[in-house]
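Everything on this sheet refers to the single structure shown next.
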Amino acid sequence: MRKKIVAGNWKMHKNAAQTQELLTDLLAKIPTQTTAEVIVAPTFVNLAAAVTKLEGSAVAVAAQNLHQAESGAFTGEISADMIKSVGVNHVILGHSERRAIFHESDALIASKVNTALEHDMTVIFCFGEELKDRQSGNHFNIVENQLKDGLFHITASDWEKVVLAYEPVWAIGTGETASPEQAQEMHEFIRETVREAFGSAIAEDLTILYGGSVKPDNAKEIFSKPDVDGGLIGGAALNATDFVAIITAI
Ligand code: PEP
């Protein structure tokens with residue numbers, strides 16, 4: 001069964017006290033029953049405290065990245081085992097900021113995907129075209145290549161642990177959102193691409209999130225599209241009222 005998911009990517013925001021404050025606010029405002037599964041991704045140093053705080057709630061915690069190696073001389077990096085050891089079972093990989101600012105290639109992201117899956121983590125796999133790609137009409141090619149090069153080496157059973165997040169780079173943090181029709185068109189294309197390679201059952205069960213300036217006032221329309229199964233939310237996830245409004249727009 002295809003799941004609806006709303007995930008909040010907190011990026012490099014919120015120190016320890018602010019993390020507690022936002023989670024307290026979120027727990028106070030979130031309805032006890034939600035249609036969507038809810039995930040929040042605080043910074044590494046606040047993951048353990050977030051897990052403790054959210055114990056007994058329906059809100060899951062994700063890391064924003066991991067290193068592909070098991071352990072070793074990689075100063076400043078965090079392994080899958082370390083993340084799992086504090087009770088976190090989800091990880092965001094391939095975010096456009098990791099691709100652009102930290103030069104993460106499709107090959108590197110593919111190896112991070114492997115590590116996450118070996119550790120039985122759920123991967124939220126992000127991908128999406130830049131403005132120049134859309135302007136030149138190359139957006140379907142770019143998206144297809146990112147998907148195939150970063151993810152299509154996985155096995156059929158691995159797909160149970162994968163959530164896709166289509167995030168057009170030109171819509172992230174810009175206030176510019178893809179129209180619901182543009183989101184639907186690309187999500188349908190993504191699902192068809194998965195269907196061709198892995199079959200209908202996997203494609204139909206696959207959750208495909210949209211990310212890029214989703215706000216309380218545009219969430220409902222975007223989520224109403226048949227191939228949009230929820231959202232990956234940046235800015236609006238930093239405010240509990242806005243995030244809950246987006247969660248309940250599903
Ligand atoms: C993101 O960073 O994944 C994102 C979608 O950000 P925003 O909602 O702020 O555009």
Side-chain angles (χ1 to χ4, degrees), residues 1-9 30-31 33-41 58-60 62 90 92-96 122-131 133-134 139-144 146-148 150-151 159-198 200-237 242-250:
M1 245 274 283
R2 199 188 299 176
K3 285 183 199 155
K4 304 264 186 201
I5 297 175
V6 175
N9 173 14
I30 197 167
Q33 298 277 345
T34 56
T35 311
E37 270 186 34
V38 179
I39 302 170
V40 292
V59 182
H90 296 71
I92 297 171
L93 293 176
H95 192 277
S96 65
T122 295
V123 174
I124 302 173
F125 180 89
C126 304
F127 59 124
E129 82 282 1
E130 293 176 36
L131 184 59
D133 306 318
R134 187 159 277 266
H139 44 300
F140 289 108
N141 275 339
I142 294 287
V143 162
E144 183 177 350
Q146 287 176 340
L147 188 58
K148 290 187 170 170
L151 201 59
W159 281 96
E160 280 170 35
K161 306 291 285 184
V162 171
V163 172
L164 300 185
Y166 167 60
E167 300 204 298
V169 179
W170 49 272
I172 296 181
T174 58
E176 180 100 20
T177 322
S179 69
E181 291 69 32
Q182 284 173 320
Q184 169 58 25
E185 183 186 38
M186 187 58 89
H187 282 223
E188 194 179 345
F189 170 76
I190 291 165
R191 201 178 299 285
E192 285 313 307
T193 306
V194 173
R195 194 189 311 277
E196 277 168 27
F198 292 93
S200 265
I202 287 173
E204 282 308 312
D205 278 357
L206 183 61
T207 298
I208 309 177
L209 310 180
Y210 169 79
S213 297
V214 177
K215 308 286 177 209
D217 61 359
N218 61 21
K220 206 168 189 67
E221 219 192 328
I222 294 170
F223 295 162
S224 72
K225 296 294 175 192
D227 286 297
V228 178
D229 308 310
L232 179 55
I233 317 302
D242 288 352
F243 192 49
V244 169
I246 293 169
I247 293 164
T248 52
I250 288 231

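Heavy atoms only: backbone and side chains are in, while hydrogens, waters and symmetry mates are out.
Here the CD1-OG1 distance, from Ile5 to Thr122, works out to 8.0 Å after rounding to the nearest 0.5 Å. Distance CD1/Ile233 to CG/Asp242: 10.5 Å, rounded to 0.5 Å. Here the CZ-CG distance, from Arg2 to Leu206, works out to 8.0 Å after rounding to the nearest 0.5 Å. Within the model, atoms CZ of Phe127 and CD of Glu144 stand 10.5 Å from one another, a figure rounded to the nearest 0.5 Å. Summarising the geometry, atom CG belonging to Leu147 is positioned 6.0 Å from atom CG belonging to Leu164; distances are rounded to the nearest 0.5 Å. Note that the CD atom of Glu130 and the CD1 atom of Ile142 stand 8.0 Å from one another [nearest 0.5 Å].
Counting heavy-atom neighbours within 6.0 Å of Glu221 CD, excluding the residue itself, gives a total of 12 or less.
Smallest separation of non-hydrogen atoms from Ala60 and His90: CB-CE1, 3.9 Å. When all heavy atoms of Ala183 and Ala178 are compared, the closest pair comes out as N-CB, 4.4 Å. Contact detail for Gly230 and Ile250: the closest heavy-atom pair is CA-CD1, 3.7 Å. Shown here for Ser213 and Ala171, the closest heavy-atom pair between the two residues is OG-O, 2.7 Å. When all heavy atoms of Val169 and Ser96 are compared, the pair lying nearest together is CG2-CB, 3.7 Å. Heavy atoms only, all atoms of each residue included: Thr248 and Pro31 are closest at CG2-CG, 3.6 Å.
A donor-acceptor distance shorter than 3.5 angstrom exists from the side chain of Gln146 to the backbone of Gly128, with no hydrogens or angles considered. Checked by atom type and distance alone, the side chain of Thr207 pairs as donor or acceptor with a backbone atom of Lys3 at under 3.5 Å.
The shortest side-chain heavy-atom distance between Val214 and Val6 does not fall under the 4.5 Å cut-off. In this structure, Val143 and Thr193 have side chains that are not in contact, with every pair of non-hydrogen atoms separated by 4.5 Å or more. Between Pro226 and Gln184 the shortest side-chain heavy-atom distance falls below 4.5 Å. Taking 4.5 Å as the limit, every side-chain heavy atom of Asn218 sits out of range of all side-chain heavy atoms of Pro180. The closest side-chain heavy-atom distance from Trp170 to Asp133 is not below 4.5 Å. Within the 4.5 Å cutoff, the side chain of Val40 has heavy atoms near those of the Phe243 side chain. Within the 4.5 Å cutoff, the side chain of Arg134 has heavy atoms near those of the Met186 side chain.
Each salt bridge (charged side-chain N to carboxylate O under 4.0 Å, His left out) pair with one or both residues in residues 177-192, not counting sequence neighbours, appears once here: Glu181-Lys225, Arg191-Asp227, Arg191-Asp229, Glu192-Arg195.
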Check: Between Ile39 and Ile124, is a side chain to side chain contact (heavy atoms under 4.5 Å, CB included) present by the stated rule, with each step listed?
Finding: CA-CA 10 Å; Ile39 302 170; Ile124 302 173; 4.2 Å; yes
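In this pair, His187 and Tyr210 present their aromatic rings tilted. The plane angle is within the 30 to 60° band.
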